[in-house]
Amino acid sequence: MEDYRHILFATDLGPECQLVGRRALSLARRYEAELTLIHVVEYMVAEPSYDLMVPSPTEVENNLVDSARGQIRAVARDLGIPGANCRVEMGTTKGEIVRVAEETGVDLIVVGSHGRHGIGLLLGSTANAVLHGAPCDTLAVRIPTEQG
Ligand code: AMP
């Protein structure tokens with residue numbers, strides 16, 4: 001098997017992201033691979049007609065992106081890699097992760113997976129969506145739930 005050269009760690013900036021990030025970092029170190037962090041801001045407005053629309057850039061969106069930039073830098077800092085390459089993109093989570101992976105020659109995407117059951121499974125998860133669209137290997141790091 002070829003060594004991984006560029007690993008993309010997708011983070012939702014949530015409390016469990018350090019667990020997933022540590023796995024991505026450990027693989028990056030093992031393979032001496034480049035590591036990029038990505039967070040996608042998925043902002044949608046519901047019109048009174050209840051149609052979902054992706055709005056054009058607004059001040060609200062810019063604030064969300066600015067805030068996410070600060071948070072993703074904090075994630076990198078907490079992982080002990082303050083100088084890491086961090087990207088904040090706007091759009092659909094799966095679409096942006098796959099696009100960035102394709103455009104930057106990523107050969108491994110690392111995401112978290114809650115291993116949901118029931119309705120959560122029916123609705124699908126980000127890990128599942130990324131796995132089906134990814135141009136490369138995808139590692140879904142299991143995030144323990146209260147049920148184990
Ligand atoms: P979820 O399906 O929402 O439980 O998310 C599972 C995993 O997908 C997270 O642990 C992250 O690795 C990734 N993920 C979810 N939302 C985002 C996001 N907005 N930006 C980047 N990665 C995300």
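Just follow the structure's listing: the first ligand is 1, and inside any ligand the first atom is 1. Note: hydrogens, waters and symmetry copies are ignored here, and every other heavy atom, side chains too, is used.
Within ligand 1, the atoms closer than 4.0 Å to a non-hydrogen atom of His114 are 4 (O), numbered from 1 in the order shown. Close contacts of ligand 1 with Ser125, meaning ligand atoms under 4.0 Å from a residue heavy atom, involve 2 (O). Atoms of ligand 1 lying under 4.0 Å from any heavy atom of Ile38, numbered from 1 in the order shown and given with element: 21 (C).
Of the listed options Ala24, Ala129, Cys17, Gly112, Gly112 places a heavy atom closest to atom 6 (C) of ligand 1. Summarising the contacts of atom 16 (N) of ligand 1 with Asp12, Thr92, Leu8, the nearest heavy atom is found in Asp12. Nearest-heavy-atom check against atom 22 (N) of ligand 1 across Val88, Thr11, Val20 picks out Thr11.
Taking 4.0 Å as the cut-off between side-chain N and carboxylate O, Glu89 and Arg99 count as a salt-bridged pair.
The residue Val130 has no part lying near ligand 1, judged by heavy-atom distances below 4.0 Å. If you look at Thr126 next to ligand 1, the close heavy atoms, those under 4.0 Å, come from the backbone and the side chain alike.
You'll find the side chain of Val110 reaches within 4.5 Å of the side chain of Val141, heavy atoms only. Contact check for Val111 versus Leu139: no side-chain heavy atoms found under the 4.5 Å cut-off. Side-chain contact between Phe9 and Val20: present, with at least one pair of heavy atoms (C-beta onward) separated by less than 4.5 Å.
In this structure, Asp107 contributes its side chain and Arg5 its backbone to a donor-acceptor pair below 3.5 Å. Judged by distance alone, the side chain of His6 and the main-chain N or O of Thr104 form a donor-acceptor pair under 3.5 Å.
In terms of polar-atom proximity, Val40 is counted as a contact of ligand 1, with an N or O under 3.5 Å from an N or O of the ligand. Where the criterion is an N or O separation shorter than 3.5 Å, residue side chain and backbone included, Ile143 fails it with respect to ligand 1.
Interatomic distance, CD1 of Ile109 versus OG1 of Thr36, reported as 11.5 Å (0.5 Å rounding).
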